[in-house]
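Numbers restart at 1 for each chain; the letters A, B, ... are given by sequence-line order, proteins then strands. Since we're looking at a predicted model, the values are computed, not measured.
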2 protein chains.
Amino acid sequence: MKITEAMQNYLKTIYRLQERDGVVSTSSLAIAMSVAAPSATGMMKKLVRYRTVRYTRYQGVVLTKTGRQIALEVIRHHRLLELYLAASLGYSWDAVHEEAERLEHVISEDFEERVFEALGRPTRDPHGEPIPTREGALPVWNHDSLADLEPGASGTIRQVRDSSPDMLRYLGARGLVPDAVIRVVDKAPFNGPLTVNVGASTHALGRDLARHIRVEMRPMLGEQE
Amino acid sequence: MKITEAMQNYLKTIYRLQERDGVVSTSSLAIAMSVAAPSATGMMKKLVRYRTVRYTRYQGVVLTKTGRQIALEVIRHHRLLELYLAASLGYSWDAVHEEAERLEHVISEDFEERVFEALGRPTRDPHGEPIPTREGALPVWNHDSLADLEPGASGTIRQVRDSSPDMLRYLGARGLVPDAVIRVVDKAPFNGPLTVNVGASTHALGRDLARHIRVEMRPMLGEQE
DNA sequence: ACTAGAATTTAGACATTCCTAATCATTCAA
DNA sequence: TTGAATGATTAGGAATGTCTAAATTCTAGT
Ligand SMILES: [Mn+2]
Ligand SMILES: [Mn+2]
Ligand SMILES: [Mn+2]
Ligand SMILES: [Mn+2]
C-alpha cells in the first residue's frame, strides 16, 4: 500500500486543479500531467483503490481527505525545499522549482523537520506561496491579481504565481518579487500594458505577466466618501 | 539511453565488490543488492547493452571505463550528501547514509557543485571515505585495519567503514571517529578484544568492531634498531 | 428528440524491474 | 574422470506506468 512517486504527482496536480476548477476532468488532468488521457484514467482507478480520490466514470475526480493530506504533504516538501535551495544554497528563484520537483519525493520527515527549523519555521516559499503546516493546514489568501488593479491603486506583492523560469528572471530583475511595494500608474485600454512603480523605477508590464502577480491592496487614499 | 536509478545502484555495488573481489559474481552481486539471482543476471544483460560492464556468462562482470565513471559519479553524490547532511543539517553520522542513499539519484550537477563549494571542497565524508573528484578520481589509501595492529602501536583513525547505524553510534559515543588518535594497549589472544586508548579514555573493542576501523599508523618509537 | 463531435474509457501493448521454478554449466571431490 | 553440489541462466509471470487505436458515453446544436 505504498504511495508511489507517480501517485504523489497526480495527487498534487489534482489538488491544484481542484482549487481552480472544482471537479477535475480527466483531460485537464492529463494535460497538466503531460500524459495521454488513458494514463490519467488508469491512475484514477488506482487512486480510488487507495481511497485518495472519489471518481465517477465520465464525471471527473475530487480528492478525499486522505488524498488531500498526501497532496499537502508533498506540497509542503516542495515549498520548503524551494525556500531552502534559495536561502541556503544560493539558488535563484527561477531555478528552485525544477530541483524541488525531484527532491520532494525522496526526503524523509526528519529532513523536512530539520530544514523547517533551519529556516526558522517559515510560512512562505520564494514565490510567496504559503507552506502547508505539518498538520496539513494551508491559509487561503485571496489577493488581487495585478491585472485587475486600476491606476492609482497600490499595495504589496504577495505572490508571483508559478510561471516559467524566463518570466521569473524577468520579473526578479525588475524587483517584482514578494513583499515589494507596487503602485499602478497607468493601465492601457484594449488589454494593453500596465505601467507600474516599484521602488524607484517604473515598468510597463503586459497583462499576461500582470496576471501572475498577486497583490495585497492598500486602501486608496481619498476614497472614503 | 537513460541510466535509471536501478542501474546506478547496480553500478555502484559492482564498483564496491570489484574493489574487494576483482571480478564480481552474479550471486555476490545479487546478495549485495538484496535481489534474487535472476534479477542480477537480467540487469547484467542490460548493463552490457549500455556498455557499462563487461560480462561473460557464468564468469561474472567487471565495469568498463564508462561504468566506473558512472559509479564514481553516484558515489561522489552520496559522500557529498552524507557530509552535507552531517555538517549543515545536524544529522548524526549514523543517520546520513540512509538519507543520502535516496538523494544521490535525484540531485542535479548544479546541486552537487553548490554543496561541494558550501562545504569548502571537501575530500572526505563523515566516515572518512574519500570523495571522488568531479573528474572521477579517487585516491586509494591503504590504511591498516585496527584489528591488525599490535599492542604499543598507535596512529590516527582515518576511516570507519560502512557499518550499521548501531555500530556507528557505539563507536561515535566512544570517540572512535576519523582523525581521532588511537593507541593499542592490549590485544587479547584467541581473537579476543583489543584494549585501546582514545583521548583520555580506554575501551575494549571486539575484533568485529576493530576490523571496521582503518588506522594510519605512526611509526613506533624505539623500533629503529 | 437526434446526432455529430468532443470527451472519456477500454483494449492491447511495451519497457522496467522484480519474482519463482526449472534448467543448465561449472567445479570439486571421490 | 565423473557426478553431485553449487552457481548461474532461462522461462514465464506480476506490478507499475506509459502509449496508440478503438469503442463508448456525454453534450450541444438543431
Ligand atoms: Mn513530510
Ligand atoms: Mn514555489
Ligand atoms: Mn554529479
Ligand atoms: Mn559514508
Using only side-chain N and O atoms of [X], determine if any of them is under 4.0 Å from OP1 or OP2 of [N].
{"X": "B:Arg57", "N": "C:dT26", "answer": "no"}
{"X": "B:Thr41", "N": "D:dT10", "answer": "no"}
{"X": "A:Thr26", "N": "C:dT9", "answer": "yes"}
{"X": "B:Tyr58", "N": "C:dT23", "answer": "no"}
{"X": "B:Ser27", "N": "D:dT6", "answer": "no"}
{"X": "B:Ser39", "N": "C:dC18", "answer": "no"}
{"X": "B:Lys45", "N": "D:dT10", "answer": "yes"}

Looking at the side chain of [X], which of [options] is the nearest nucleotide?
{"X": "A:Pro38", "options": "C:dT8, D:dT18, D:dC19", "value": "D:dC19"}
{"X": "B:Ser25", "options": "C:dC19, C:dT9, D:dA8", "value": "D:dA8"}
{"X": "B:Thr4", "options": "C:dC18, C:dT16, D:dC19", "value": "C:dT16"}

- Query: When the distance from CG of A:Leu47 to C1' of D:dT16 is rounded to whole Å, what number comes out?
  - Reply: 13 Å
- Message: If we check side-chain contact (heavy atoms from CB on, under 4.5 Å) with B:Leu11, which of these qualifies: B:Thr66, B:Ile75, B:Leu72, B:Thr52?
- Response: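 Passing option: B:Thr52.
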- Ranking A:Met33 and B:Gly42 by the position along DNA chain D of their nearest nucleotide, the one closer to 5' is B:Gly42
- Are the aromatic rings of B:His97 and B:His127 close, with centres under 6.0 Å apart?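 Here the rings of B:His127 and B:His97 have centres that are no less than 6.0 Å from each other.
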- Between CG of A:Asp110 and CD of B:Glu99, what distance do you get to the nearest 0.5 Å?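 Reported to 0.5 Å precision, the distance equals 6.5 Å.
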- Task: Scan A:Ala37 against the nucleic acid and name what it touches under 4.0 Å (heavy atoms): base, sugar-phosphate only, or nothing.
- Result: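 Base contact.
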- Going by atom types only, do B:Gln8 and B:His77 share a side-chain donor-acceptor pair under 3.5 Å?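 Side-chain D/A pair, B:Gln8 to B:His77: absent.
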